[in-house]
Chemist: 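Structure below; questions to follow.
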Amino acid sequence: MKYYKPEELRAGMRLAQQIYNKQGVLLYKRGFVLNDQIIAGLQKFGLLGVLVLEPAEPLPPVSDEELEFDQCQTTWMFRLRDNLIAISKGHKPEDLPSLVHDIMQRFYSLDHAIVFSPTVRSSEDYTYKHSICTAILCAMLAHGMGFPDNTARHLVMAALLSDFGYLYVPKEIMAKSEHELSTIDLLTIEQYRNKAAGMLKRGETTYGLTENIFSILDDFLKVERKENPQLDISDFHMPTKILMVADKYDRMTAMSLGYEPVSPIQALRHLQGSPKLYEPEIVQALSNALLILPPGRCVELTSKHCGMILSETPGDQFHPQVLDFATNAVYDLNSPKLRDVIKIQDLMPSMDLRYPFDSQSLKHFAPDPPLQNATRRIRMRLEKARKREAAKHTHANPA
């Protein structure tokens, strides 16, 4: 499956993920075949991109838990939007504690890894959906790291409010990737984030926010939109460090405003490659909480071959048993002989290994003279045979 921008969609493409409207009502199910009318509607809907099945790709199975997860993200996003609109108007966000409770109830006590599916986001709902996904990840990480219930609730609340300031940043700045942001852009973002933090503090009593929540948010204000490898996080509270990991992972793996998502494996490797910025203990907890390489998942290996996961290694999903498509051999990547020899490079991006030719590419290929002559002779023989058959038919059935 691949992401396509709305203008890249074509009739006949099949949806790989369900799409809901702005009220949380299901519009199109997985596997729905697009037509020109539906595509025109999606383009007006403001989606950043759509996850589409490839022509040769069957509709992958999906569990009830994954469908419920998808539904939760949508309904909670609208609830968060209403709460943040209330805060922006100086009103008490009545539903915010209840939203924190629902996220905690659903994800804080999970005893197994889950598939964290990327969400389809529009320019209008990106910040809300990102905040919801970040809060969900924070709840899972708080559980995995043994945080008490009260501390975890403060962390989830902070995650829901951490991007409040981005709602005021001009869209043209938000549409840029990290690498495109100028110094002026970063200063503008900082001003709006500080402004939003001031709004929250002015309503501290009304909103029911605690000192612990503000400690997390104050630390997180130092984390710029553009990743800063030199940022000193030694004095940050552990909840803030969790928020940093959850925030970065979701920004990297979900359809974003300025760049296409990377695979969960690439995102985790990025986090693992910056131990001074992202606490290794937290990154490991994130790896344990997510089901990235279940049996049946196709992957690329460092041997330049592709393969399929056959079974997991308990406690270490990145060293499973793999079937090599090229050699038909089964490798146990957890064995001492192979552990440092063959590794999983990335998820296999496509099940369809055919080379994609377009009309322009085909113009570069022309048959040589001998092939042209042979083709011409074959066509002449076929034409003579067709005429003989037509003559026989005429004689057998005279008028």
Chemist: Could you give me the CA-CA distance, side-chain angles and deciding distance for Ile309 and Leu323, then say whether side chain to side chain contact (heavy atoms under 4.5 Å, CB included) is met?
Modeler: CA-CA 7 Å; Ile309 306 297; Leu323 171 65; over 6 Å; no

Chemist: Say you draw a straight line from CD1 of Ile344 to CZ of Arg297; how long is it, rounded to the nearest 0.5 Å?
Modeler: 10.5 Å

Chemist: As a quick check of understanding, evaluate salt bridge (charged side-chain N to carboxylate O under 4.0 Å, His left out) for Glu383 and Arg386, giving each step before the final call.
Modeler: CA-CA 5 Å; Glu383 181 63 20; Arg386 187 190 66 78; 2.7 Å; yes

Chemist: Looking at Val52, is its backbone amide N or carbonyl O close enough to the side chain of Arg14 to form a donor-acceptor pair, meaning the two atoms are under 3.5 Å apart?
Modeler: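 Between the backbone of Val52 and the side chain of Arg14 there is no qualifying donor-acceptor contact (under 3.5 Å).
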
Chemist: So which heavy atom on Phe107 is nearest to which on Ile114, and how close?
Modeler: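 Taking every non-hydrogen atom into account, CE2-CD1, 3.9 Å.
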
Chemist: Restricting to pairs with a member in residues 233-245, which pass salt bridge (charged side-chain N to carboxylate O under 4.0 Å, His left out), not counting sequence neighbours?
Modeler: Lys241-Glu279

Chemist: Sequence neighbours left out, what passes side-chain hydrogen bond (donor to acceptor under 3.5 Å, both in side chains) with Glu227? Give chain and number order.
Modeler: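 In terms of side-chain hydrogen bond (donor to acceptor under 3.5 Å, both in side chains), with neighbours along the sequence ignored, Glu227 is linked to His270, Tyr278.
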
Chemist: With sequence neighbours left out, which residue pairs that include part of residues 27-40 fulfil the side chain to side chain donor-acceptor pair (under 3.5 Å) condition?
Modeler: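 Listed once each, the pairs would be none.
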
Chemist: Please say yes or no: joined through hydrophobic side-chain contacts below 4.5 Å, possibly via intermediate residues, are Leu67 and Trp76 part of one cluster?
Modeler: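 Unlinked, Leu67 and Trp76 end up in two clusters.
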
Chemist: Filter on salt bridge (charged side-chain N to carboxylate O under 4.0 Å, His left out), then keep only pairs touching residues 160-169, sequence neighbours left out; what's left?
Modeler: Asp163-Arg251

Chemist: Quick one, Leu84 with Ile87, criterion side chain to side chain contact (heavy atoms under 4.5 Å, CB included). Give me CA distance, side-chain angles, the key distance, then yes/no.
Modeler: CA-CA 5 Å; Leu84 294 184; Ile87 292 175; 4.2 Å; yes

Chemist: Applying a strict under-4.5 Å side-chain criterion to I, L, V, M, F, W and Y, I'd like to know whether Leu110 and Val100 cluster together.
Modeler: yes

Chemist: Can you tell me how far the CD atom of Gln321 sits from the CG atom of Asn334, to the nearest 0.5 Å?
Modeler: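 So the CD of Gln321 and the CG of Asn334 are separated by 9.5 Å.
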
Chemist: Show the nearest heavy-atom pair for residues His305 and Ala326, with the distance to one decimal.
Modeler: ND1-CB, 3.6 Å

Chemist: Is any side-chain heavy atom of Ile136 closer than 4.5 Å to one of Met140?
Modeler: yes

Chemist: Please assess Arg225 against Ile173 for the test side chain to side chain contact (heavy atoms under 4.5 Å, CB included), listing each intermediate value before the final yes or no.
Modeler: CA-CA 11 Å; Arg225 178 67 183 83; Ile173 295 179; over 6 Å; no

Chemist: A side-chain contact here means heavy atoms from C-beta on lying under 4.5 Å apart; do Phe164 and Ser131 qualify?
Modeler: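 Of all side-chain heavy-atom pairs linking Ser131 with Phe164, none is under 4.5 Å.
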
Chemist: Do the charged groups of Glu190 and Arg193 touch, with an N to O distance under 4.0 Å?
Modeler: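 Here Glu190 does not pair with Arg193 in a salt bridge, since their nearest N and O are not under 4.0 Å apart.
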
Chemist: Going by heavy atoms in the side chains, are Leu301 and Gln345 under 4.5 Å from each other?
Modeler: no

Chemist: For the residue pair Ala142 and Ala152, what are the closest heavy atoms and their distance?
Modeler: CB-CB, 3.7 Å

Chemist: Just by distance, with hydrogens left out, do Arg376 and Asn373 show a side-chain donor and acceptor under 3.5 Å apart?
Modeler: yes

Chemist: Do the side-chain N and O atoms of Thr210 and Asn212 include a donor-acceptor pair separated by under 3.5 angstrom?
Modeler: no

Chemist: Give a yes-or-no answer on whether the side chains of Thr188 and Gln191 include a donor-acceptor pair shorter than 3.5 Å.
Modeler: no

Chemist: Around atom CD1 of Ile184, are there more than 12 heavy atoms of other residues, nucleotides or ligands at under 6.0 Å?
Modeler: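 Not buried by this count: 12 neighbours or fewer within 6.0 Å.
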
Chemist: When clusters are formed by joining ILVMFWY residues with side-chain heavy atoms under 4.5 Å apart, either directly or through shared neighbours, do Met238 and Phe214 land in the same one?
Modeler: yes

Chemist: So, the side chain of Thr253 versus the backbone of Ser263: is there a donor-acceptor pair under 3.5 Å, distance only?
Modeler: no

Chemist: To the nearest 0.5 Å, tell me how far Thr313 OG1 sits from His319 NE2.
Modeler: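 One gets 8.5 Å once the value is rounded to the nearest 0.5 Å.
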
Chemist: Judged by atom type as modelled, is there a donor-acceptor pair below 3.5 Å linking the side chain of Asn83 to the main-chain atoms of Arg79?
Modeler: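 Yes.
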
Chemist: Is there a side-chain contact between Val341 and Thr302 in this structure, where contact means two heavy atoms from C-beta onward sitting under 4.5 Å apart?
Modeler: no

Chemist: Taking the six-membered ring for Trp, are the ring centroids of Phe69 and Phe116 within less than 6.0 Å of each other?
Modeler: yes

Chemist: Taking atom OG of Ser162 and atom CZ of Phe220, what is their separation to the nearest 0.5 Å?
Modeler: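 If I round to the nearest 0.5 Å, the distance is 5.0 Å.
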
Chemist: Pick from Asp247, Leu286, Leu155: which one makes a side chain to side chain contact (heavy atoms under 4.5 Å, CB included) with Ile242?
Modeler: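 So the option named by the test is Leu155.
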
Chemist: Donor-acceptor check, side chain of Asp346 to backbone of Val299, threshold 3.5 angstrom: yes or no?
Modeler: no

Chemist: Kindly give the heavy-atom pair with the smallest separation between Leu53 and Pro58, and that separation in Å.
Modeler: CD2-O, 4.1 Å

Chemist: Using modelled atom types only, decide if a donor and an acceptor are shared between the side chain of Thr75 and the backbone of Cys72 within a distance under 3.5 Å.
Modeler: yes

Chemist: Does a donor on one side chain sit under 3.5 Å from an acceptor on the other, for Asp111 and His143?
Modeler: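 No donor-acceptor contact under 3.5 Å links the two side chains.
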
Chemist: Hey, are the side chains of Ser117 and Gln17 touching, using non-hydrogen atoms and a 4.5 Å cut-off?
Modeler: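 Ser117 vs Gln17: side chains touch.
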
Chemist: Do the side chain of Thr151 and the main chain of Phe147 share a donor and acceptor less than 3.5 angstrom apart?
Modeler: no

Chemist: Do other residues, nucleotides or ligands put more than 12 heavy atoms under 6.0 Å from the NE2 atom of His179?
Modeler: no

Chemist: Does a side-chain heavy-atom distance below 4.5 Å link Ile38 with Phe32?
Modeler: yes

Chemist: Rounded to the nearest 0.5 Å, how far does CE of Met145 lie from CD of Glu281?
Modeler: 3.5 Å

Chemist: If you apply the rule side chain to side chain contact (heavy atoms under 4.5 Å, CB included), what do you find for Leu160 with Leu99, and how did you get there?
Modeler: CA-CA 9 Å; Leu160 292 175; Leu99 178 56; 4.0 Å; yes

Chemist: Any donor and acceptor pair, going by atom type alone, linking the side chain of Thr240 with main-chain N or O of Phe236 inside 3.5 Å?
Modeler: no

Chemist: Return yes if some donor-acceptor pair links the side-chain N/O of Gln317 with the main-chain N/O of Ser287 below 3.5 Å, else return no.
Modeler: yes

Chemist: Within 45° of the six-membered ring axis of Tyr168 and under 6.0 Å from that ring's centre, is NZ or CZ of Lys195 located there?
Modeler: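 Positive - Lys195 is close enough to the ring of Tyr168 and near enough to its axis.
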
Chemist: In terms of side-chain heavy atoms, does Asp185 have a donor or acceptor partner in Ser182 at a distance below 3.5 Å?
Modeler: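 Note: Asp185 and Ser182 side chains meet the donor-acceptor criterion.
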
Chemist: Below 4.0 angstrom, N of the basic side chain to O of the carboxylate: do Arg81 and Asp125 qualify?
Modeler: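 Salt bridge: no.
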
Chemist: According to side-chain hydrogen bond (donor to acceptor under 3.5 Å, both in side chains), who are the partners of Glu300, at least two apart in sequence or on a separate chain?
Modeler: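 Partners of Glu300 by the side-chain hydrogen bond (donor to acceptor under 3.5 Å, both in side chains) criterion come out as none, since no residue qualifies.
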
Chemist: Going by heavy atoms in the side chains, are Pro261 and Met252 under 4.5 Å from each other?
Modeler: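 SC-SC contact between Pro261 and Met252 ruled out.
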
Chemist: What's the shortest heavy-atom distance between Ala158 and Ile216, and which atoms?
Modeler: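 For Ala158 versus Ile216, the nearest heavy atoms are CB-CG2, 3.7 Å.
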
Chemist: Quick one: do Arg106 and Asp102 make a salt bridge, cutoff under 4.0 Å?
Modeler: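 Looking at Arg106 and Asp102, the cut-off is not met.
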
Chemist: How long is the straight-line distance from CG of Leu268 back to CD1 of Ile292, given to the nearest 0.5 Å?
Modeler: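 Spacing of CD1 (Ile292) from CG (Leu268) equals 4.5 Å.
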
Chemist: Once salt bridge (charged side-chain N to carboxylate O under 4.0 Å, His left out) is applied, what residue pairs with a partner in residues 309-337 remain, sequence neighbours excluded?
Modeler: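 Sorted result for residues 309-337: Asp316-Arg339.
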
Chemist: Closest approach of Gly31 and Leu59, non-hydrogen atoms and distance?
Modeler: N-CD1, 3.8 Å

